[in-house]
Amino acid sequence: MSYTSTLRIQLDKPLLRDTDRGDSCQTENGTGSPYYKERLSAKEGEDEKSIGESKQPGALHVQTVRKEGRCAAGTQTERRKVTSVEMFSSRAVTTSDRFLTLILELSPQNGSGLYVRRVLRPDTTLTVLSTARENKTPMREESTHVGKTNPMPLSATTVPKESSSTQPSAPPSRFESPSTSITHGPVSPKRKPNKTGDSLKIVDGVDQIKARVGDKVELHCGIQGTTPIAATWLRNKKQVTEGPRISVHTSDMESRLVIDQVCEDDSGCYTLYVQDRTGNVQHHTSLTVVEHPSPPSGKPLVSATQPSSLTLSWSGPCYDGGSAVVSYWIEMKCTKKEEDGWKLLTDSCVNTSYRVEEGLQPGGQYQFRVRAANAHGVSEPGEESDIVAMLCAGDEETEGEGSNGYTNVSVNTTEHFNDFYIQLEKLGMGKFGQVYKLKERSTGKICAGKFFKARTQKEIQGARVEVELMNKLHHPQLVRCLSAFQEPGRVVMVLEYIAGGELFERIVADDFEHTEVMCVEYICQILNGVAYMHHQSIVHLDLKPENIICLNTVSNQVKIIDFGLARELDPHVPMKVLQGTAEFVAPEVIAFEPVGFTTDMWSLGVICYILLSGDSPFQGNNDMETMQNITSACWDFDDETNALLSETAKDFVKRLLQKNMRSRLTAVQALDHPWVQHKCVSKTKTLSKERIKKFLARQKWQKTGKAVLALNRMALLSAKSDNNTTSTHTDGSHDCQQVSMHLQEQLQAAPVFSTLLKDQVEVVGSTARFQCHIEGFPDPEVLWFHAGSPVQECRRLQIEYEDTGSCALIISDVLLTDSGVYTCRASNTQGEIESSAKLTVHSLLAERRAKESTQ
Ligand code: ATP
Ligand code: MG
């Protein structure tokens, strides 16, 4: 890459012409030295050019010296006199009587630079260069180093090529001698003006596209901008790579991303990023690839078997097909009569459990399977249940290994836990002890172990009660207990390992779309688990977000854990408790009044409120305040959330957060609520995750037993969380910067003339116009030359350069001396190009004579 620098020197006396001969000029060392000397550093090992005046007055020479050579004198290899424009390199030097203009090409290599030195001038009477000997001053030197990063800083001696045409002329050198005035004025390259008018725009972009698996999808955006235009598509912030299925078509007017045979993995946020020379814009389109759900995962489980009825429960699908599951289809087969095949029991079950009360014969054998349905279709059937042998009339469900695959756990007091399990990392900590990941020695299966401190009878009893209760809770939405050990000082309860982490942590994850539909999906599962629990006469009494965990990181399935405070309710014996987590307990708990099944429903109302709004409805500055808020049972959604939520969602929460526990919905009623039944659910509006993030941040502090401290630090935490948001944002803009840089690189192009200069013939006094059209990025700068000399704009010579790339040199009142070759040189970082044309000027007289001679 090279840079052009212009050095313009004004002399107080005209330069000597070729014909002028005078005495040799003297130098301070008496050997004869250049009058003006330029030293251009070159790359290591390359030759270095020096331009200066030779010993002969009025002449300049070009010397080639080795880089180390400081002084040009005495090492000259080439010598020429500056007597006319042509004498030097056509683009390097021009001179008139009083002005010497050097156009210098510089290379910004390390150590390169332009050094200008003024040296003594010997007094000779006849030469231009002579001055009075008494003016002799010691040699002084000034250097302007041209660095790598700022290749051409402005200085008294150099004018960067980048300087705009409005750049004021450099001031005269401070080393100017009294007898010679030297000014360093630039011949500034001309630049395009800043673009005016319409800026870059993306038009007709679609915000959301839904497609079915296998469809051909076209994401299209119109573009309005200034050519050249570069565009790129990103999916979830990563550049889309073209392949056999994916192609990108970009022109100056539009960009299209075409995806053939779209599949589930193509879902995401697509960003079209467009760059032109005026700036960049982006447009986001969200692509949802929908299909029917995958089948419910796992086998359906059977419980509460009676001679002619049973309860079937199952898990939701691992993938809902990009659209919420709206119903389950349940099919049954009588295995004694294979020929009957699968019979549809219902196609409209909205829960993950179903009481089968028809079509079952006592003593009969049946199998069940379930399909999941969403708006786009019905899944394949899930796994078939184990064969269920119906009881004969009068029989009761047997104890022990149930027909549903669950085991009745009795606490093992004879064997050692360590003989069966290896203890791995800690998963969590709670009121009763610690939870660790376990590996079963015989199978390698991963489990979770809840280690209870059990030094007193009361502690042992507490742990045993939890195991006992879990034996009654065999439902897909409730954590499964696998075994239990009692050892001196501890009781270990082995549970199925639930790998997906807390529900709320999942919701705030980047790839999670937090909408009402998703809330319904979770609340519905929790309700199913709670309904089953209540059906078993068990009340949880500690329902809160951290006790709801996700099965894994890909499915939307959740399970309820932590039955440490759960109790079996006897409808005839009122039970009062004083336990729970302040934010989630119901008013009757605070009032120490009897609790009921709907005590859990209040907690569920609080969970649902937080899920929808991110706010905790009763949270005060301390537990006391929180409990006062609960007792008053005054709550509402803030305006922002109010506007965002569907009326049915608000109604659902309202029916749970009723102070009077009898006014609250039961779990079964809640499952029938229109919101849970997916009626009138807001499907599109995205709910706030930021507030849930803050809720989680606060919860973490409370978990570590620093609740009070945490509350005092809330402001700090919130600020921190805000900062995180900003930093994400900054990350985003960093991404944008990178994309922009990448696109700008794509736009880079050396200048080209799309229209070349044409020869002109004019008569004296008229106006000549050389016109061309230049393209390239970054915007090329132009210099015009007349017979090799840079053209300076003045009254008669005007350079027009428009943002469209159209460039013109207009010469008004043309003179005969304006004749000659005109060159337009366009350059940018990518290269340089020239176009030349000839101007022929005729005098009127000559014209008349020519006319006369032809007549
Ligand atoms: P709390 O203080 O919430 O009442 P606790 O002593 O009753 O606590 P749990 O809530 O059962 O204990 O478990 C504590 C934590 O351990 C949970 O919040 C969860 O993070 C983790 N955990 C518990 N059970 C499991 C499991 N089966 N699989 C994975 N992690 C689990
Ligand atoms: Mg817990």
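Quick caveat: nothing in here was measured; it's all calculated off a predicted structure. Note that ligands are numbered from 1 as they come in the structure, with each ligand's atoms numbered from 1 the same way.
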Mind checking whether Lys450 has an N or O less than 3.5 Å away from an N or O of ligand 1?
yes
Taking the six-membered ring where the residue is Trp, are the ring centres of Tyr328 and Tyr354 under 6.0 Å apart?
no
Does atom NZ of Lys453 have more than 12 heavy-atom neighbours from other groups under 6.0 Å away?
no
May I ask you to list the atoms of ligand 1 that are less than 4.0 angstrom from any heavy atom of Asp542?
4 (O)
Verdict with reasoning, Arg355 to Ser309, per side chain to side chain donor-acceptor pair (under 3.5 Å):
CA-CA 7 Å; Arg355 183 85 193 153; Ser309 67; 2.7 Å; yes
Quick note on ligand 1: atoms under 4.0 Å from a heavy atom of Glu546 include exactly 3 (O), 18 (O)
If you count the non-hydrogen atoms of other residues, nucleotides and ligands that lie under 6.0 Å from NZ in Lys689, is the total more than 12?
yes
Only heavy atoms of Val479, strictly under 4.0 Å: list the atoms of ligand 1 that pass.
27 (N)
Answer yes or no: does an N/O atom from Asp562 fall short of 3.5 Å to an N/O atom of ligand 1?
yes
So, regarding Ile498 and ligand 1 (criterion: nitrogen or oxygen to nitrogen or oxygen, under 3.5 Å), is there a contact or not?
yes
Which atoms of ligand 1 have any heavy atom of Gly428 under 4.0 Å away?
15 (C), 16 (O)
Of all the atoms in ligand 1, which lie at a distance below 4.0 Å from a heavy atom belonging to Ala448?
26 (C), 27 (N), 28 (N)
For Lys544, take its heavy atoms, then give the atoms of ligand 1 lying under 4.0 Å from any of them.
3 (O)
Are Phe451 and Phe417 close enough that their ring centres sit under 6.0 Å apart?
yes
SB check Glu583 Lys544 (cutoff 4.0 Å)
no
Got a salt bridge between Lys693 and Glu505, using NZ or NE/NH1/NH2 to carboxylate O under 4.0 Å?
no
Proximal ligand 1 atoms for Asn547, defined as those under 4.0 Å from one of its heavy atoms
3 (O), 10 (O)
